[in-house]
Amino acid sequence: MFEIQSRHAHSRARAGILHTRRGTIRTPFFMPVATQGVLKTLSLPELYGYEQSIDSSTTPIVLSNTYHLYLRPGEKQLQSFGGLHQFAQWPGIILTDSGGFQIFSLKKLNTLTDDGVQFQSHIDGSRHWLTPERSMEIQSAIDSDIWMSFDYFPGYPATEQEVEKSVSLTTAWAKRSLLWHASYWAQHQRPPSLLFGIVQGGAFPHLRKKSAEELTTLDFGGFAIGGLAVGEPEETMYQAIEEVVPLLPERRPRYLMGVGTPDQILQAVRRGVDMFDCVMPTRNARHGTLYTRTEERIVSADLSSLRYEKIQMRAHAWAGSDAPLDAYCACFTCSSGFSRGYLRHLYSIGDPTAARLGTIHNIFFYLSMMREMRDVLSLV
RNA sequence: GGGUCGAUACCAAAGCGGUCAAAUGGGACUGGCUGUAGACCAGUUGGCUUUGCCUUCGAAGGUUCGAAUCCUUCUCGGCCCA
(Lines give C-alpha, C1' and ligand atoms only; values in the text may rest on other atoms or scores of the structure.)
Protein backbone atom coordinates (compact mmCIF):
# COMPACT_ATOMS: atom_id res chain seq x y z
CA MET A 1 0.00 0.00 0.00
CA PHE A 2 2.87 2.35 0.77
CA GLU A 3 6.34 2.07 -0.70
CA ILE A 4 9.29 4.14 0.36
CA GLN A 5 11.39 5.10 -2.63
CA SER A 6 14.17 7.12 -1.14
CA ARG A 7 15.33 8.64 2.10
CA HIS A 8 16.98 11.94 2.79
CA ALA A 9 20.53 11.68 4.08
CA HIS A 10 20.29 14.58 6.50
CA SER A 11 16.81 14.21 7.96
CA ARG A 12 14.00 11.72 8.48
CA ALA A 13 12.39 12.89 5.24
CA ARG A 14 11.43 10.26 2.72
CA ALA A 15 9.84 10.01 -0.70
CA GLY A 16 7.32 7.28 -1.35
CA ILE A 17 4.30 6.10 -3.26
CA LEU A 18 0.92 5.61 -1.66
CA HIS A 19 -1.31 3.20 -3.53
CA THR A 20 -5.03 3.81 -3.34
CA ARG A 21 -7.89 2.25 -5.23
CA ARG A 22 -8.07 5.31 -7.45
CA GLY A 23 -4.44 5.69 -8.28
CA THR A 24 -1.08 6.25 -6.71
CA ILE A 25 0.22 9.40 -5.11
CA ARG A 26 3.78 10.43 -4.63
CA THR A 27 4.67 11.52 -1.11
CA PRO A 28 5.18 13.90 0.50
CA PHE A 29 2.01 15.61 -0.70
CA PHE A 30 -0.43 18.33 0.21
CA MET A 31 -4.20 18.05 -0.04
CA PRO A 32 -6.20 21.17 -0.90
CA VAL A 33 -9.23 21.40 1.36
CA ALA A 34 -12.59 21.00 -0.36
CA THR A 35 -14.64 20.59 2.81
CA GLN A 36 -17.99 20.81 1.10
CA GLY A 37 -17.05 19.30 -2.22
CA VAL A 38 -15.73 22.49 -3.76
CA LEU A 39 -12.54 24.45 -3.30
CA LYS A 40 -14.47 27.63 -2.41
CA THR A 41 -14.32 29.68 -5.64
CA LEU A 42 -12.83 26.83 -7.66
CA SER A 43 -14.63 23.80 -9.08
CA LEU A 44 -13.02 20.42 -8.60
CA PRO A 45 -12.44 19.73 -12.31
CA GLU A 46 -10.53 23.00 -12.47
CA LEU A 47 -8.47 21.96 -9.48
CA TYR A 48 -7.86 18.57 -11.07
CA GLY A 49 -6.40 20.20 -14.15
CA TYR A 50 -4.16 22.41 -12.08
CA GLU A 51 -2.90 19.52 -9.94
CA GLN A 52 -2.12 17.52 -13.05
CA SER A 53 -0.31 20.39 -14.70
CA ILE A 54 1.93 20.78 -11.67
CA ASP A 55 2.87 17.11 -11.43
CA SER A 56 1.51 14.62 -13.95
CA SER A 57 3.32 11.75 -12.22
CA THR A 58 0.98 11.72 -9.23
CA THR A 59 -2.80 11.41 -8.88
CA PRO A 60 -4.58 14.58 -7.79
CA ILE A 61 -6.07 14.45 -4.29
CA VAL A 62 -8.37 16.63 -2.21
CA LEU A 63 -9.64 16.51 1.32
CA SER A 64 -13.33 16.69 2.07
CA ASN A 65 -15.41 16.50 5.21
CA THR A 66 -17.84 13.98 6.61
CA TYR A 67 -19.77 16.28 8.94
CA HIS A 68 -20.31 19.02 6.38
CA LEU A 69 -21.31 16.69 3.56
CA TYR A 70 -23.61 14.80 5.93
CA LEU A 71 -25.53 18.02 6.64
CA ARG A 72 -25.53 19.08 3.01
CA PRO A 73 -26.24 17.49 0.59
CA GLY A 74 -26.68 14.44 2.87
CA GLU A 75 -25.99 10.75 2.42
CA LYS A 76 -29.03 10.06 0.26
CA GLN A 77 -28.05 12.48 -2.45
CA LEU A 78 -24.41 11.42 -2.32
CA GLN A 79 -25.46 7.79 -2.71
CA SER A 80 -27.84 8.51 -5.54
CA PHE A 81 -25.02 10.19 -7.42
CA GLY A 82 -22.73 7.26 -6.69
CA GLY A 83 -20.51 9.23 -4.32
CA LEU A 84 -18.72 12.53 -4.21
CA HIS A 85 -16.45 11.79 -7.17
CA GLN A 86 -19.38 11.76 -9.58
CA PHE A 87 -21.32 14.41 -7.71
CA ALA A 88 -18.49 16.97 -7.86
CA GLN A 89 -16.81 15.70 -11.03
CA TRP A 90 -13.54 14.85 -9.31
CA PRO A 91 -11.70 11.94 -10.97
CA GLY A 92 -8.88 12.03 -8.42
CA ILE A 93 -8.46 10.69 -4.91
CA ILE A 94 -10.58 11.90 -2.01
CA LEU A 95 -9.62 11.74 1.64
CA THR A 96 -12.43 12.50 4.05
CA ASP A 97 -11.94 13.77 7.53
CA SER A 98 -14.23 11.96 9.93
CA GLY A 99 -16.01 14.91 11.51
CA GLY A 100 -13.92 14.50 14.66
CA PHE A 101 -12.39 17.92 14.19
CA GLN A 102 -15.85 19.50 14.24
CA ILE A 103 -16.31 18.28 17.83
CA PHE A 104 -13.62 20.83 18.53
CA SER A 105 -14.30 23.56 15.98
CA LEU A 106 -18.06 23.53 16.67
CA LYS A 107 -17.79 22.68 20.35
CA LYS A 108 -20.43 25.21 21.36
CA LEU A 109 -22.86 23.20 19.30
CA ASN A 110 -22.35 19.67 20.55
CA THR A 111 -22.44 17.31 23.50
CA LEU A 112 -19.85 14.59 23.95
CA THR A 113 -20.58 11.11 25.30
CA ASP A 114 -18.55 7.91 25.29
CA ASP A 115 -20.66 6.62 22.46
CA GLY A 116 -20.27 9.66 20.21
CA VAL A 117 -21.34 13.24 19.84
CA GLN A 118 -24.69 14.91 19.56
CA PHE A 119 -24.27 17.82 17.19
CA GLN A 120 -26.53 20.76 16.79
CA SER A 121 -26.36 21.79 13.16
CA HIS A 122 -24.65 25.14 12.63
CA ILE A 123 -27.06 25.65 9.73
CA ASP A 124 -30.51 25.18 11.25
CA GLY A 125 -29.93 24.02 14.84
CA SER A 126 -31.32 20.54 14.24
CA ARG A 127 -29.80 17.74 16.32
CA HIS A 128 -27.76 14.86 14.89
CA TRP A 129 -25.78 11.97 16.32
CA LEU A 130 -22.31 11.29 15.07
CA THR A 131 -20.60 8.12 16.25
CA PRO A 132 -17.61 6.22 14.89
CA GLU A 133 -20.04 3.93 13.06
CA ARG A 134 -22.08 6.81 11.63
CA SER A 135 -18.91 8.55 10.50
CA MET A 136 -17.82 5.41 8.63
CA GLU A 137 -21.26 5.02 7.15
CA ILE A 138 -21.26 8.59 5.86
CA GLN A 139 -17.75 8.19 4.48
CA SER A 140 -18.99 5.11 2.65
CA ALA A 141 -21.80 7.19 1.13
CA ILE A 142 -19.27 9.81 0.09
CA ASP A 143 -17.28 6.86 -1.25
CA SER A 144 -13.98 8.52 -0.48
CA ASP A 145 -10.73 6.64 -1.00
CA ILE A 146 -9.07 7.37 2.32
CA TRP A 147 -11.23 7.46 5.43
CA MET A 148 -10.24 8.92 8.75
CA SER A 149 -11.34 7.21 11.94
CA PHE A 150 -13.57 9.22 14.23
CA ASP A 151 -11.38 10.90 16.84
CA TYR A 152 -11.75 13.32 19.70
CA PHE A 153 -9.52 16.36 20.12
CA PRO A 154 -10.19 18.53 23.19
CA GLY A 155 -8.54 21.76 22.03
CA TYR A 156 -5.55 23.63 23.30
CA PRO A 157 -4.70 24.34 26.00
CA ALA A 158 -6.26 21.33 27.70
CA THR A 159 -5.67 19.73 31.09
CA GLU A 160 -3.86 16.43 31.37
CA GLN A 161 -7.15 14.85 32.37
CA GLU A 162 -8.92 16.16 29.27
CA VAL A 163 -6.11 15.00 27.00
CA GLU A 164 -6.10 11.61 28.69
CA LYS A 165 -9.79 11.32 27.97
CA SER A 166 -9.22 12.30 24.33
CA VAL A 167 -6.58 9.59 23.99
CA SER A 168 -8.69 6.82 25.48
CA LEU A 169 -11.83 7.88 23.61
CA THR A 170 -9.88 8.17 20.36
CA THR A 171 -8.48 4.65 20.80
CA ALA A 172 -11.89 3.20 21.62
CA TRP A 173 -13.43 4.98 18.65
CA ALA A 174 -10.53 3.90 16.41
CA LYS A 175 -11.33 0.25 17.18
CA ARG A 176 -15.00 0.78 16.40
CA SER A 177 -14.12 2.64 13.18
CA LEU A 178 -11.82 -0.18 12.13
CA LEU A 179 -14.45 -2.85 12.86
CA TRP A 180 -17.07 -1.06 10.82
CA HIS A 181 -14.66 -0.45 7.95
CA ALA A 182 -13.52 -4.08 7.87
CA SER A 183 -17.00 -5.52 7.93
CA TYR A 184 -18.25 -3.06 5.32
CA TRP A 185 -15.53 -3.90 2.81
CA ALA A 186 -15.84 -7.62 3.55
CA GLN A 187 -19.34 -7.33 2.10
CA HIS A 188 -18.35 -5.43 -1.01
CA GLN A 189 -16.56 -6.58 -4.12
CA ARG A 190 -14.99 -3.24 -4.97
CA PRO A 191 -11.46 -2.36 -3.89
CA PRO A 192 -11.60 -1.05 -0.32
CA SER A 193 -10.79 2.41 0.91
CA LEU A 194 -7.86 2.97 3.20
CA LEU A 195 -8.57 3.79 6.84
CA PHE A 196 -6.26 5.93 8.92
CA GLY A 197 -5.96 6.17 12.69
CA ILE A 198 -5.36 9.48 14.43
CA VAL A 199 -2.86 9.97 17.25
CA GLN A 200 -3.88 12.42 19.97
CA GLY A 201 -2.12 13.35 23.21
CA GLY A 202 -1.71 17.11 22.90
CA ALA A 203 1.48 18.47 24.38
CA PHE A 204 1.90 15.62 26.88
CA PRO A 205 4.72 13.29 25.76
CA HIS A 206 3.51 10.29 27.74
CA LEU A 207 0.00 10.66 26.34
CA ARG A 208 1.28 11.07 22.77
CA LYS A 209 3.26 7.88 23.35
CA LYS A 210 0.28 6.06 24.82
CA SER A 211 -1.93 7.11 21.93
CA ALA A 212 0.61 6.10 19.30
CA GLU A 213 1.27 2.75 20.94
CA GLU A 214 -2.41 1.90 21.29
CA LEU A 215 -3.22 2.85 17.72
CA THR A 216 -0.29 1.14 16.07
CA THR A 217 -1.43 -2.23 17.43
CA LEU A 218 -4.39 -1.77 15.10
CA ASP A 219 -4.27 -2.47 11.38
CA PHE A 220 -4.62 0.96 9.87
CA GLY A 221 -3.54 1.89 6.36
CA GLY A 222 -1.84 5.00 7.67
CA PHE A 223 -1.47 7.13 10.77
CA ALA A 224 -2.30 10.73 11.35
CA ILE A 225 -0.99 13.08 13.98
CA GLY A 226 -3.90 15.18 15.14
CA GLY A 227 -4.45 18.03 17.53
CA LEU A 228 -1.47 20.15 16.51
CA ALA A 229 -1.11 23.69 15.14
CA VAL A 230 -4.01 24.88 17.23
CA GLY A 231 -2.32 27.62 19.21
CA GLU A 232 0.56 25.83 20.91
CA PRO A 233 4.10 27.18 20.41
CA GLU A 234 5.62 26.00 17.16
CA GLU A 235 8.45 24.32 19.07
CA THR A 236 5.92 22.25 21.02
CA MET A 237 4.46 21.04 17.76
CA TYR A 238 7.85 20.03 16.40
CA GLN A 239 8.68 18.18 19.62
CA ALA A 240 5.39 16.30 19.44
CA ILE A 241 6.15 15.29 15.84
CA GLU A 242 9.63 14.16 16.80
CA GLU A 243 8.24 12.07 19.63
CA VAL A 244 5.45 10.47 17.65
CA VAL A 245 7.07 9.72 14.29
CA PRO A 246 9.51 7.08 15.63
CA LEU A 247 6.56 5.28 17.23
CA LEU A 248 4.71 4.98 13.93
CA PRO A 249 5.35 2.07 11.55
CA GLU A 250 7.95 2.86 8.95
CA ARG A 251 5.85 1.27 6.18
CA ARG A 252 2.77 3.37 6.72
CA PRO A 253 2.17 6.92 5.52
CA ARG A 254 2.21 9.62 8.20
CA TYR A 255 -0.26 12.44 7.97
CA LEU A 256 0.03 15.66 9.96
CA MET A 257 -3.50 16.96 10.03
CA GLY A 258 -4.30 20.59 9.36
CA VAL A 259 -0.72 21.79 8.98
CA GLY A 260 0.30 24.38 8.00
CA THR A 261 2.50 27.21 6.88
CA PRO A 262 5.04 26.45 4.14
CA ASP A 263 7.82 26.41 6.75
CA GLN A 264 5.90 24.12 9.08
CA ILE A 265 5.33 21.69 6.23
CA LEU A 266 9.02 21.67 5.38
CA GLN A 267 9.94 21.12 9.02
CA ALA A 268 7.44 18.28 9.31
CA VAL A 269 8.67 16.63 6.10
CA ARG A 270 12.16 16.74 7.55
CA ARG A 271 10.79 15.00 10.63
CA GLY A 272 9.30 12.19 8.57
CA VAL A 273 5.77 13.31 7.72
CA ASP A 274 4.32 12.33 4.33
CA MET A 275 0.92 13.97 4.06
CA PHE A 276 -0.59 17.37 4.78
CA ASP A 277 -3.72 19.40 4.43
CA CYS A 278 -4.47 22.95 5.44
CA VAL A 279 -6.99 25.65 4.65
CA MET A 280 -4.23 28.23 4.75
CA PRO A 281 -3.57 28.63 1.02
CA THR A 282 -7.26 28.82 0.14
CA ARG A 283 -8.52 30.86 3.09
CA ASN A 284 -5.58 33.24 2.89
CA ALA A 285 -6.20 33.66 -0.82
CA ARG A 286 -9.79 34.68 -0.14
CA HIS A 287 -8.61 37.09 2.52
CA GLY A 288 -5.88 38.66 0.41
CA THR A 289 -2.65 36.98 1.53
CA LEU A 290 -0.68 35.39 -1.29
CA TYR A 291 2.54 33.39 -1.36
CA THR A 292 5.16 34.30 -3.94
CA ARG A 293 8.55 32.95 -4.90
CA THR A 294 11.68 35.00 -4.54
CA GLU A 295 13.63 32.58 -6.71
CA GLU A 296 12.79 30.05 -9.37
CA ARG A 297 12.75 27.21 -6.88
CA ILE A 298 10.95 27.49 -3.57
CA VAL A 299 12.71 24.57 -1.89
CA SER A 300 16.46 24.74 -1.40
CA ALA A 301 18.46 21.89 -2.93
CA ASP A 302 19.42 20.51 0.50
CA LEU A 303 15.80 20.60 1.73
CA SER A 304 16.80 22.95 4.53
CA SER A 305 14.91 26.11 3.70
CA LEU A 306 12.30 27.81 1.56
CA ARG A 307 12.51 30.99 -0.45
CA TYR A 308 9.24 32.80 -0.60
CA GLU A 309 7.35 35.85 0.52
CA LYS A 310 3.91 36.25 2.00
CA ILE A 311 2.27 39.37 0.65
CA GLN A 312 -0.87 41.27 1.55
CA MET A 313 -2.53 42.00 -1.75
CA ARG A 314 -4.82 44.60 -0.18
CA ALA A 315 -1.86 46.66 0.97
CA HIS A 316 -1.60 50.18 -0.40
CA ALA A 317 1.96 49.33 -1.41
CA TRP A 318 0.61 47.53 -4.51
CA ALA A 319 -1.71 50.31 -5.68
CA GLY A 320 -0.75 51.04 -9.25
CA SER A 321 2.06 48.50 -9.26
CA ASP A 322 2.76 47.02 -12.68
CA ALA A 323 4.94 44.28 -11.19
CA PRO A 324 3.85 40.68 -11.85
CA LEU A 325 2.46 38.80 -8.86
CA ASP A 326 5.14 36.12 -9.11
CA ALA A 327 7.55 36.16 -12.01
CA TYR A 328 8.45 32.48 -11.49
CA CYS A 329 4.93 31.12 -11.27
CA ALA A 330 3.17 29.28 -14.11
CA CYS A 331 -0.36 29.40 -12.69
CA PHE A 332 -3.29 30.83 -14.63
CA THR A 333 -3.26 34.03 -12.62
CA CYS A 334 0.41 34.67 -13.18
CA SER A 335 0.53 33.56 -16.80
CA SER A 336 -2.43 35.80 -17.62
CA GLY A 337 -0.16 38.75 -17.03
CA PHE A 338 -2.14 40.47 -14.29
CA SER A 339 -0.17 43.12 -12.46
CA ARG A 340 -0.09 43.37 -8.67
CA GLY A 341 -1.86 46.69 -9.12
CA TYR A 342 -4.79 45.07 -10.92
CA LEU A 343 -5.01 42.18 -8.46
CA ARG A 344 -5.00 44.66 -5.61
CA HIS A 345 -7.80 46.50 -7.35
CA LEU A 346 -9.86 43.28 -7.51
CA TYR A 347 -9.30 42.63 -3.79
CA SER A 348 -9.99 46.23 -3.04
CA ILE A 349 -13.40 46.23 -4.71
CA GLY A 350 -14.16 42.82 -3.21
CA ASP A 351 -14.80 41.11 -6.51
CA PRO A 352 -15.04 37.29 -6.18
CA THR A 353 -12.57 37.08 -9.04
CA ALA A 354 -9.87 38.21 -6.65
CA ALA A 355 -10.56 35.21 -4.41
CA ARG A 356 -10.54 32.90 -7.42
CA LEU A 357 -7.31 34.19 -8.92
CA GLY A 358 -5.67 34.20 -5.50
CA THR A 359 -6.84 30.66 -4.74
CA ILE A 360 -5.45 29.38 -8.03
CA HIS A 361 -2.14 31.02 -7.30
CA ASN A 362 -1.78 29.89 -3.68
CA ILE A 363 -2.73 26.32 -4.54
CA PHE A 364 -0.11 26.40 -7.27
CA PHE A 365 2.40 27.66 -4.75
CA TYR A 366 1.68 24.93 -2.20
CA LEU A 367 1.52 22.11 -4.73
CA SER A 368 4.64 23.32 -6.52
CA MET A 369 6.46 23.44 -3.21
CA MET A 370 5.48 19.83 -2.52
CA ARG A 371 6.51 18.80 -5.98
CA GLU A 372 9.90 20.40 -5.44
CA MET A 373 10.27 18.55 -2.15
CA ARG A 374 9.49 15.26 -3.87
CA ASP A 375 11.96 16.06 -6.61
CA VAL A 376 14.70 16.87 -4.12
CA LEU A 377 14.01 13.65 -2.22
CA SER A 378 13.94 11.56 -5.37
CA LEU A 379 17.37 12.82 -6.40
CA VAL A 380 19.14 11.72 -3.22
C1' G B 1 -35.83 90.88 -2.50
C1' G B 2 -38.83 88.15 1.62
C1' G B 3 -39.38 83.67 4.36
C1' U B 4 -37.62 79.07 5.95
C1' C B 5 -34.42 74.87 6.84
C1' G B 6 -29.49 73.51 6.96
C1' A B 7 -23.76 73.72 7.38
C1' U B 8 -20.32 68.15 12.40
C1' A B 9 -14.00 64.47 11.25
C1' C B 10 -12.16 61.41 4.14
C1' C B 11 -17.81 60.65 2.89
C1' A B 12 -22.74 60.03 4.94
C1' A B 13 -24.91 60.96 9.47
C1' A B 14 -26.05 61.19 15.14
C1' G B 15 -25.39 64.67 19.04
C1' C B 16 -28.90 69.95 20.61
C1' G B 17 -25.56 73.47 27.55
C1' G B 18 -21.18 69.79 31.24
C1' U B 19 -20.37 62.61 31.28
C1' C B 20 -17.74 65.14 23.36
C1' A B 21 -11.98 64.52 20.02
C1' A B 22 -17.54 63.88 19.17
C1' A B 23 -22.25 57.67 18.43
C1' U B 24 -23.11 54.75 13.99
C1' G B 25 -22.32 53.34 8.77
C1' G B 26 -19.18 53.52 4.63
C1' G B 27 -14.38 54.35 2.86
C1' A B 28 -9.14 54.17 3.89
C1' C B 29 -4.97 51.97 6.39
C1' U B 30 -2.65 47.73 9.39
C1' G B 31 -2.77 42.99 10.99
C1' G B 32 -4.54 37.93 11.71
C1' C B 33 -6.23 33.51 9.58
C1' U B 34 -3.30 26.14 10.49
C1' G B 35 -8.04 18.23 9.96
C1' U B 36 -12.93 25.71 6.79
C1' A B 37 -19.60 27.61 10.55
C1' G B 38 -17.70 32.42 9.06
C1' A B 39 -14.84 35.44 0.44
C1' C B 40 -14.12 36.45 7.51
C1' C B 41 -12.36 38.70 11.97
C1' A B 42 -9.63 42.42 14.80
C1' G B 43 -7.24 47.19 15.47
C1' U B 44 -6.38 52.25 13.78
C1' U B 45 -8.60 56.52 11.29
C1' G B 46 -7.36 65.56 14.46
C1' G B 47 -2.27 66.49 16.80
C1' C B 48 1.29 65.70 20.68
C1' U B 49 6.47 65.22 24.94
C1' U B 50 -0.42 60.26 25.32
C1' U B 51 -2.89 57.82 33.16
C1' G B 52 -2.56 63.93 30.39
C1' C B 53 -2.40 68.22 27.21
C1' C B 54 -3.49 71.07 22.69
C1' U B 55 -6.59 72.25 18.36
C1' U B 56 -11.48 71.05 16.18
C1' C B 57 -18.08 70.60 14.89
C1' G B 58 -19.05 76.90 8.08
C1' A B 59 -16.75 82.24 9.87
C1' A B 60 -16.51 86.18 13.40
C1' G B 61 -18.37 88.05 17.79
C1' G B 62 -21.34 87.28 22.29
C1' U B 63 -24.06 84.81 26.71
C1' U B 64 -22.33 81.24 30.49
C1' C B 65 -18.30 78.70 35.70
C1' G B 66 -18.71 75.71 31.07
C1' A B 67 -20.84 75.92 24.01
C1' A B 68 -20.80 71.23 18.48
C1' U B 69 -25.18 72.45 21.39
C1' C B 70 -28.02 79.24 23.28
C1' C B 71 -27.86 84.57 20.93
C1' U B 72 -26.16 88.17 16.87
C1' U B 73 -24.10 89.14 12.21
C1' C B 74 -21.82 87.24 7.98
C1' U B 75 -20.67 83.31 4.17
C1' C B 76 -22.40 79.19 1.50
C1' G B 77 -26.40 75.64 0.16
C1' G B 78 -31.65 73.52 -0.20
C1' C B 79 -36.80 74.62 -0.48
C1' C B 80 -41.05 78.14 -0.72
C1' C B 81 -43.05 83.07 -2.03
C1' A B 82 -42.19 87.36 -5.04
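The chains referred to below are lettered A, B, ... by the order of the sequence lines, with proteins before strands, and numbering in each begins at 1.
For residues 93-114 of chain A, the pairs satisfying ring pair (Phe, Tyr, Trp, His ring centres under 6.0 Å) are F101(A)-F104(A), F104(A)-F153(A), with sequence neighbours left out. Among residue pairs with one or both ends in residues 20-66 of chain A, those qualifying as ring pair (Phe, Tyr, Trp, His ring centres under 6.0 Å) are F30(A)-Y366(A), Y48(A)-W90(A), Y50(A)-F364(A); sequence neighbours excluded.
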Identify all pairs in which a protein N or O lies below 3.5 Å from an N or O of nucleotides 24-28 of chain B, and state each distance.
none

Detail all sub-3.5 Å separations between protein N/O atoms and N/O atoms belonging to nucleotides 41-46 of chain B.
none

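The residue A354(A) sits apart from the nucleic acid: no heavy atom pair falls under 4.0 Å. T359(A) comes within 4.0 angstrom of no nucleic acid atom, judged by non-hydrogen atoms across all strands. As judged by a 4.0 angstrom heavy-atom cut-off over every strand, Q200(A) is placed among the base-contacting residues.
With rounding to whole Å, Y366(A) atom OH is found 11 Å from C33(B) atom P.
Taking the six-membered ring where tryptophan is involved, the planes of F338(A) and F332(A) are perpendicular, since the angle between them exceeds 60° and thus also 30°.
Non-hydrogen atoms lying under 4.0 Å from RNA chain B are contributed by K40(A), all within residues 36-47 of chain A. Proximity of residues 147-162 of chain A to RNA chain B (heavy atom under 4.0 angstrom from any strand atom) is restricted to D151(A), F153(A). Within residues 221-236 of chain A, the residues approached by RNA chain B to less than 4.0 Å at the level of any non-hydrogen atom are G227(A), A229(A), in residue-number order. Near-neighbour residues of RNA chain B inside residues 121-130 of chain A, defined by a heavy atom below 4.0 Å, number-ordered: H122(A). Remark: D97(A), F101(A), Q102(A), S105(A), L106(A) in residues 90-109 of chain A come within less than 4.0 Å of RNA chain B through at least one heavy atom.
The side-chain hydrogen bond (donor to acceptor under 3.5 Å, both in side chains) check on E213(A) picks up K209(A), with sequence neighbours excluded. Take E243(A) and apply the side-chain hydrogen bond (donor to acceptor under 3.5 Å, both in side chains) test, not counting sequence neighbours, and it matches no residue.
Taking Ile, Leu, Val, Met, Phe, Trp and Tyr as hydrophobic and joining them when side-chain heavy atoms fall under 4.5 Å apart, one finds I17(A) isolated, its cluster having no other members.
For G35(B), the OP1/OP2 oxygens have no side-chain nitrogen or oxygen of N65(A) closer than 4.0 Å.
Once the 5.5 Å centre distance and the 30° plane angle are applied, the aromatic ring of H287(A) is found stacked with the base of C40(B).
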